Amino acid sequence: MSMRLLIILMVIGSFSCQSPVEETRETPPNVIFILADDLGYGDLGFLGQQYIETPNIDRLAAEGMVFLNHYSGSPVCAPSRSTLLTGLHTGHTPVRGNYEVQPEGQYPMPDTLLTLSKVFQQAGYATGAFGKWGLGFIGTSGDPINQGFDQFFGYNCQRYAHRYYPAYLWENQSQVNLPGNDWTNKFTYAPDLIQEKTVEFIEKNAKNPFFLFMPIVMPHAELAALEDEIFQKYRAKFGDETPHQAPPGGDYGPEMKIPGYQSNPYPRATFAAMVERIDRYVGEVVGKLEELGLSENTLIVFTSDNGAHFEGGADYDFFDSNGPFRGLKRDLYEGGIHVPLVVKWPAKVKAGSQSDHVSAFWDWLPTFAEILGQKSPDGIDGISFLPALLGESEQAKHDHLYWEFHELGGRQAVLKDGWKLVKYQVKDSTQTTIELFNLADDPQENKDLAAQNPEKVEELERIIKDSRFKNPVFNLFLDEKN
């Protein structure tokens with residue numbers, strides 16, 4: 001055999017020892033999306049909270065990136081989640097309000113859209129949702145199983161999620177009775193049971209890529225906390241309190257109404273304990289990732305579905321829950337829609353970093369699609385902010401952000417280049433109010449500049465008009481009714 005032939009055979013042999021398909025792409029990350037319910041911008045330690053301890057979430061912030069200009073999809077639950085899943089803002093998304101269906105559930109999302117969870121399914125991920133749904137009852141098109149989730153456990157109906165000791169929860173299409181709970185007796189604290197199922201999902205899928213959606217029900221009213229060491233700590237800290245007395249039907253018992261909120265002798269201590277319990281759940285999830293060796297390849301998101309609430313005796317003023325902003329849940333002022341956002345992704349997102357990039361819930365679908373190498377649906381409103389996550393300078397920006405809200409007389413808002421137009425009472429044009437703010441100079445929205453800037457008002461009004469199409473179910477104006 002010639003020397004040349006020998007060399008050729010040796011080279012061929014060296015290639016044959018390699019894997020048939022040499023992986024050049026990195027392993028896609030596991031993704032955990034934690035969505036608190038009605039948690040205000042000021043309720044977390046790293047954003048200035050003075051009374052409530054949130055060490056695990058603060059650690060996420062220290063080890064990840066904090067987005068200072070992130071917006072929820074809506075100032076209330078269902079439409080905010082709809083924008084998250086569809087990549088469409090409330091002028092286009094199919095669920096634009098909290099439309100209640102009796103006896104249980106909400107108006108269902110259609111199953112024809114490519115939702116965020118379906119994008120993960122198409123990429124080969126195991127998908128699970130644990131907590132509060134609110135986008136369609138069992139068996140409808142909006143059932144989480146029809147929206148891209150392999151497994152669901154928790155409250156399907158957001159009315160039922162007002163109660164922390166429900167008689168039952170749902171696991172996929174099966175009703176799961178909670179031991180000791182019968183709408184009169186309170187024994188099983190539902191959030192703890194949901195958390196157990198959440199951790200089990202991580203363990204079950206430790207060897208597979210997974211997308212875990214955690215729409216935690218807390219700290220949404222009612223105010224209810226276990227009387228454990230967390231509660232006792234705040235009970236001692238705050239001392240005697242003014243009790244919250246529920247209206248008729250609020251308390252558990254024969255006359256209880258499911259959508260109500262119970263009385264509470266220590267509302268401040270209870271609220272603080274609920275927020276810290278969220279923090280404990282975050283710590284348990286992070287601890288499980290570390291135990292299973294999954295931390296380095298898991299992307300964790302923590303945010304809230306809208307601004308701080310005031311139901312059930314919650315004292316947002318005492319806790320400064322809306323932080324530096326004006327407004328609360330149901331408002332289109334900053335306090336209703338400007339939400340905390342932390343993203344931790346080791347080796348990708350710089351630890352201890354911040355971003356001023358202006359983003360919103362409808363940006364998550366294209367962002368995750370880009371991470372997964374999947375195609376985003378055509379015609380969505382979202383823009384991937386993966387470059388901002390990675391600290392890159394070439395980040396596409398929104399021309400504007402738009403919101404509409406169908407309750408309380410109808411509300412609309414648009415944000416463009418730091419200018420924000422807020423319209424209230426839009427259902428009846430004779431009652432409509434218009435305010436204009438420059439957030440760069442006035443993030444508290446205290447100075448209405450509409451009278452001094454008629455051309456800017458006219459410009460933003462045109463954008464508002466062009467940012468929506470009619471929805472036959474969610475009427476924003478009186479003349480839209482069938």
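The figures that follow rest on heavy atoms only: side chains count, while hydrogens, waters and symmetry mates do not. Here the structure is a predicted model, which is why all the values come from computation and not from measurement.
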Would you check if P144 and N156 make a side-chain contact, meaning some heavy-atom pair closer than 4.5 Å? yes
Check for a donor-acceptor pair, side chain of T298 on one end and backbone N or O of N30 on the other, with a separation under 3.5 Å. no
Between F368 and F211, what is the ring plane arrangement, given parallel below 30°, perpendicular above 60°, and tilted in between? tilted
State whether the side chain of K423 and the backbone N or O of V414 hold a donor-acceptor pair below 3.5 Å, judged by distance alone. no
Between T54 and G45, what is the shortest heavy-atom contact and its length? OG1-N, 2.9 Å
Should the pair K197 and F153 be classed as cation-pi, given the thresholds of under 6.0 Å to the six-membered ring centre and 45° from the axis? yes
Of all heavy-atom pairs linking S117 and L85, the shortest is OG-CD2, 4.3 Å
Quick one: does N69's side chain have a donor or acceptor within less than 3.5 Å of a partner on D356's backbone? yes
Criterion side-chain hydrogen bond (donor to acceptor under 3.5 Å, both in side chains) on D192 and Y281, from CA distance to verdict: CA-CA 9 Å; D192 275 5; Y281 291 167; 2.4 Å; yes
I need the D320 CG to N322 CG distance, nearest 0.5 Å. 6.0 Å
Is the backbone of A224 close enough, under 3.5 Å, to the side chain of T270 for a donor and an acceptor to pair up by distance? no
Mind telling me whether F474 and H406 have parallel, tilted or perpendicular rings, with 30° and 60° as the class edges? perpendicular
Assess whether side-chain hydrogen bond (donor to acceptor under 3.5 Å, both in side chains) is satisfied between H400 and S467, documenting all intermediate values. CA-CA 10 Å; H400 64 275; S467 292; 3.2 Å; yes
Side chain of N172, backbone of F152: donor and acceptor closer than 3.5 Å? yes
Any donor and acceptor pair, going by atom type alone, linking the side chain of E370 with main-chain N or O of L365 inside 3.5 Å? no
For the NZ atom on K416, are there more than 12 heavy atoms of other groups (residues, nucleotides or ligands in this structure) within a distance under 6.0 Å? yes
As an exercise, state the distance from NZ of K132 to CZ of R81, rounded to the nearest 0.5 Å. 4.5 Å
Tell me the closest heavy-atom pair linking S304 and L35, and the distance in Å. C-CD1, 3.6 Å
What I'd like to find out is whether the side chain of T367 reaches to under 4.5 Å of the side chain of L389, using heavy atoms alone. yes
Answer yes if the side chains of D363 and H398 hold a donor-acceptor pair under 3.5 Å, and no otherwise. yes
Say you draw a straight line from CG of L47 to CG of L68; how long is it, rounded to the nearest 0.5 Å? 8.0 Å
Hey, what's the ring geometry for W364 with H70, parallel, tilted or perpendicular (30° and 60° as the breaks)? perpendicular
4.5 Å side-chain heavy-atom contact, K348 and L390: yes
Do W170 and Y160 pass the side-chain contact (heavy atoms from CB on, under 4.5 Å) test, and can you show the C-alpha distance, the side-chain angles, and the key distance before you say yes or no? CA-CA 11 Å; W170 289 93; Y160 279 63; over 6 Å; no
Identified salt bridge (charged side-chain N to carboxylate O under 4.0 Å, His left out) partner of E404 from the options K470, R411, R468: R468
What do you reckon, is OH of Y99 surrounded by more than 12 foreign heavy atoms closer than 6.0 Å? no
Checking R163 against Y252: charged group under 6.0 Å from the ring centre and within 45 degrees of the axis? yes
Could you give the distance from CD1 (I34) to CZ (F130), rounded to the nearest 0.5 Å? 13.5 Å
Which atoms form the tightest heavy-atom contact between L476 and G410, and what is the distance? CD1-CA, 4.2 Å
Can you confirm whether the side chains of N264 and E222 place a donor and an acceptor under 3.5 Å from each other? no
Take a 6.0 Å sphere around CD of Q175 and say whether it holds more than 12 heavy atoms from other residues, nucleotides or ligands. yes
Does D150 use its side chain to pair, donor to acceptor, with the backbone of T127 at less than 3.5 Å? yes
Donor-acceptor check, side chain of N56 to backbone of R59, threshold 3.5 angstrom: yes or no? no
Using a distance-only test with no angle check, is there a side-chain donor-acceptor pair under 3.5 angstrom linking E276 and Y234? yes
Return yes if some donor-acceptor pair links the side-chain N/O of D305 with the main-chain N/O of C77 below 3.5 Å, else return no. no
Candidates F405, W403, F325, Y424 - the one meeting ring pair (Phe, Tyr, Trp, His ring centres under 6.0 Å) with Y333: Y424
Going by heavy atoms in the side chains, are I380 and L114 under 4.5 Å from each other? no
Output yes when a side-chain donor or acceptor of Q395 lies under 3.5 Å from a complementary backbone atom of S384, and no otherwise. yes
Heavy-atom closest pair, residues L135 and A78: CD2-O, 3.4 Å
With no hydrogens and no angle check, do the side chains of T83 and T93 hold a donor and an acceptor under 3.5 Å apart? no
Nearest-0.5 Å distance that lies between atom CG in N181 and atom CH2 in W183: 8.5 Å
Provide the closest heavy-atom pair for M274 versus L223 in the form atom of the first, atom of the second, distance. SD-CA, 3.8 Å
Can you tell me if CD on E227 sees more than 12 non-hydrogen neighbours from other groups inside 6.0 Å? no
For I278, the option from I216, D43, V217 that meets side-chain contact (heavy atoms from CB on, under 4.5 Å): I216
Rounded to the nearest 0.5 Å, the CH2 atom of W362 sits from the CG atom of L116 at a distance of 15.0 Å
Would you mind reporting whether R280 and Q195 have side-chain heavy atoms less than 4.5 Å apart? no
Within the 6.0 Å centroid threshold, strictly below: H92 and F469: yes
Which class fits the ring pair H162 and H220: parallel under 30°, tilted 30 to 60°, perpendicular over 60°? tilted
In terms of side-chain heavy atoms, does N471 have a donor or acceptor partner in E480 at a distance below 3.5 Å? no
Could you check whether D143 and N146, counting side-chain N and O atoms only, form a donor-acceptor pair closer than 3.5 Å? no
